[in-house]
**Student:** 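What follows is a structure written as structure tokens; I'll ask about it next.
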Amino acid sequence: MSSSSGQPQFRYTQTPSKVLHLRNLPWECTEEELVELCKPFGKIVNTKCNVGANRNQAFVEYADLNQAISMVSYYASSSEPAQVRGKTVYIQYSNRQEIVNNKSTGDVAGNVLLVTIEGVEAGDVSIDVIHLVFSAFGFVHKIATFEKAAGFQALIQFTDAETASAARNALDGRSIPRYLLPEHVASCHLRISYSAHTDLNIKFQSHRSRDYTNPYLPVNPSAIEGTLQPTVGADGKKKEPESNVLLASIENMQYAVTVDVLHTVFSAFGAVQKIAIFEKNGGMQALIQYPDVTTAAVAKEALEGHCIYDGGYCKLHLSYSRHTDLNVKAHSDKSRDYTISDAGILSVPQSSASGWPSVLQPASAVYNSSAISDGGLSAQPVWDANQQGIRPGVYNHPQVPGAYSGQTYGASAVPPYSLSGTIPSSSAGLIQASQQMPPYGIQPGARQAAAPPSAGQPPLYF
DNA sequence: AGCACA
């Protein structure tokens with residue numbers, strides 16, 4: 001019904017409030033960054049960030065209404081939009097007059113944690129992965145997982161409330177390391193509270209529940225991975241069926257990744273037919289279509305976990321798409337169809353039979369970061385298409401023990417509790433040291449908005 | 001890019 005009183009306010013008729021509503025924040029935005037953005041305009045008395053389905057909204061409450069007004073009016077007339085990590089932030093008055101923070105109300109510490117694993121489906125995170133992550137804090141007695149409206153959840157029973165709270169404090173708001181997750185999962189944040197339970201009643205060992213105190217508990221036959229379950233590898237990761245189309249998610253995207261950049265990178269393995277870029281979960285993803293599965297598999301194998309840019313920037317995570325033929329605009333800033341263009345567009349050499357790219361840079365340049373650090377203004381191109389330096393050795397050992405490489409975690413006694421809400425801090429160093437991808441001579445973002453950090457502007461993540 | 005569910 002069309003009520004006149006309870007009607008949501010129209011965009012341009014919002015009454016000022018000392019609470020501001022900020023949208024389009026990066027999902028990993030911290031309270032500090034929020035305060036940094038807002039404090040020039042007045043005293044901030046309260047914040048609430050990572051709000052909304054995508055965790056990309058926030059609220060900021062000023063001490064005084066005029067301070068909120070000054071921020072809104074400043075950015076209303078500013079030529080530079082409000083930004084956090086390069087993303088334009090949209091600011092408006094909240095339709096509420098104060099931030100309601102119910103921080104852990106009635107949340108009594110117990111020995112059982114209720115963990116909501118956000119952004120994943122039940123099949124994405126195995127119970128073994130959950131066990132691995134939480135075992136770092138003490139003996140995990142029992143785990144029960146289930147799906148609710150809130151998403152995929154798990155009850156995790158520890159010996160006592162002290163252990164449980166240690167796990168909660170360390171892991172709440174953080175993310176399960178990527179290497180423990182299927183490649184298509186962009187982010188996976190843990191929201192942890194205490195359960196009212198003290199002892200879980202686990203009936204069967206199954207893919208949904210586990211009792212580690214009772215090895216004699218029967219295995220539920222109906223709960224064993226059956227025909228409807230996705231193919232699961234030995235490491236418990238879901239395996240997508242192979243495809244000629246790769247899904248790339250790009251982590252730590254400090255520089256603009258354009259269609260052209262992706263084309264350069266992925267063409268090293270064969271003719272790229274189509275590319276489409278889109279936003280998902282606040283991050284960037286792209287679909288890259290090859291003519292065949294084999295080429296896609298080679299590209300996936302070679303590029304997975306590698307970074308487009310030196311220094312851990314624009315790290316690629318690849319999985320097989322369900323698509324086989326993309327329907328994209330022939331030429332836009334977010335997509336390209338190379339199959340219908342003029343002859344000669346497929347100028348990049350086909351991949352050799354060995355599968356190794358033929359356009360790679362000599363290894364000496366692998367650690368040459370000039371393309372980035374001098375702002376892309378380097379006089380000599382870092383990469384020359386005519387220079388056919390192939391160094392397979394570089395690619396034969398892209399992984400280093402302990403790196404986030406997907407196979408080594410089982411051996412590692414210490415889980416990477418760099419499990420940061422943003423980028424695993426240890427990850428950057430590993431990449432820099434060993435997991436680098438050759439710089440394909442890409443000039444970042446064609447010198448557009450996303451200029452690389454200059455000397456006076458250090459990268460954010462170090 | 002569009003208002004918080006603990």
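No hydrogens, no waters, no symmetry mates; every other heavy atom, side chains included, goes into these values. Residue numbers begin at 1 in each chain, while the letters A, B, ... track the order of the sequences.
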**Student:** Without decimals, in angstroms, what is the distance between A:H21 NE2 and B:dA4 P?
**Tutor:** 8 Å
**Student:** Using atom CZ of A:R55 as one end and atom P of B:dA1 as the other, report the distance to the nearest whole Å.
**Tutor:** 18 Å
**Student:** Of all the choices, B:dG2, B:dC3, B:dA4, which nucleotide is nearest to the side chain of A:R96 once you look at every atom?
**Tutor:** B:dA4
**Student:** If you compare every side-chain N and O of A:Q57 against the phosphate oxygens of B:dA4 (OP1, OP2), does one of them come in below 4.0 Å?
**Tutor:** no
**Student:** Take the protein atom NZ of A:K48 and the nucleotide atom P of B:dA6, then report the distance between them rounded to whole Å.
**Tutor:** 10 Å
**Student:** Touch check for A:E98, heavy atoms < 4.0 angstrom, all strands: base, sugar-phosphate only, or nothing?
**Tutor:** base
**Student:** Over how many whole Å does the gap from A:N95 atom CG to B:dA4 atom P extend?
**Tutor:** 8 Å
**Student:** Could you say whether A:G52 or A:Y90 is positioned toward the 5' end of DNA chain B, judged by the nucleotide with the nearest heavy atom to each?
**Tutor:** A:Y90
**Student:** Tell me every residue that passes salt bridge (charged side-chain N to carboxylate O under 4.0 Å, His left out) with A:E242, counting only those two or more places apart in sequence or in another chain.
**Tutor:** none
**Student:** Taking CZ from A:R168 and P from B:dA6, how many angstroms apart are they, rounded to a whole number?
**Tutor:** 13 Å
**Student:** In whole angstrom, what separates A:L20's CG from B:dC3's C1'?
**Tutor:** 12 Å
**Student:** Between P on B:dC3 and CG on A:N56, what's the gap in Å once rounded to a whole number?
**Tutor:** 10 Å
**Student:** Does any non-hydrogen side-chain atom of A:K87 lie less than 4.5 Å from one of A:N24?
**Tutor:** yes
**Student:** I want to confirm an ordering. Mapping A:R23 and A:V19 to their closest nucleotides on DNA chain B, which one lands closer to the 5' end?
**Tutor:** A:R23
**Student:** Mind calculating the distance between CD (A:Q14) and P (B:dA1) to the nearest angstrom?
**Tutor:** 17 Å
**Student:** Only counting residues at least two apart or in another chain, list the ones meeting salt bridge (charged side-chain N to carboxylate O under 4.0 Å, His left out) with A:K39.
**Tutor:** A:E36
**Student:** Please tell me if the side chains of A:Q67 and A:K18 come closer than 4.5 Å, counting only heavy atoms from C-beta onward.
**Tutor:** no
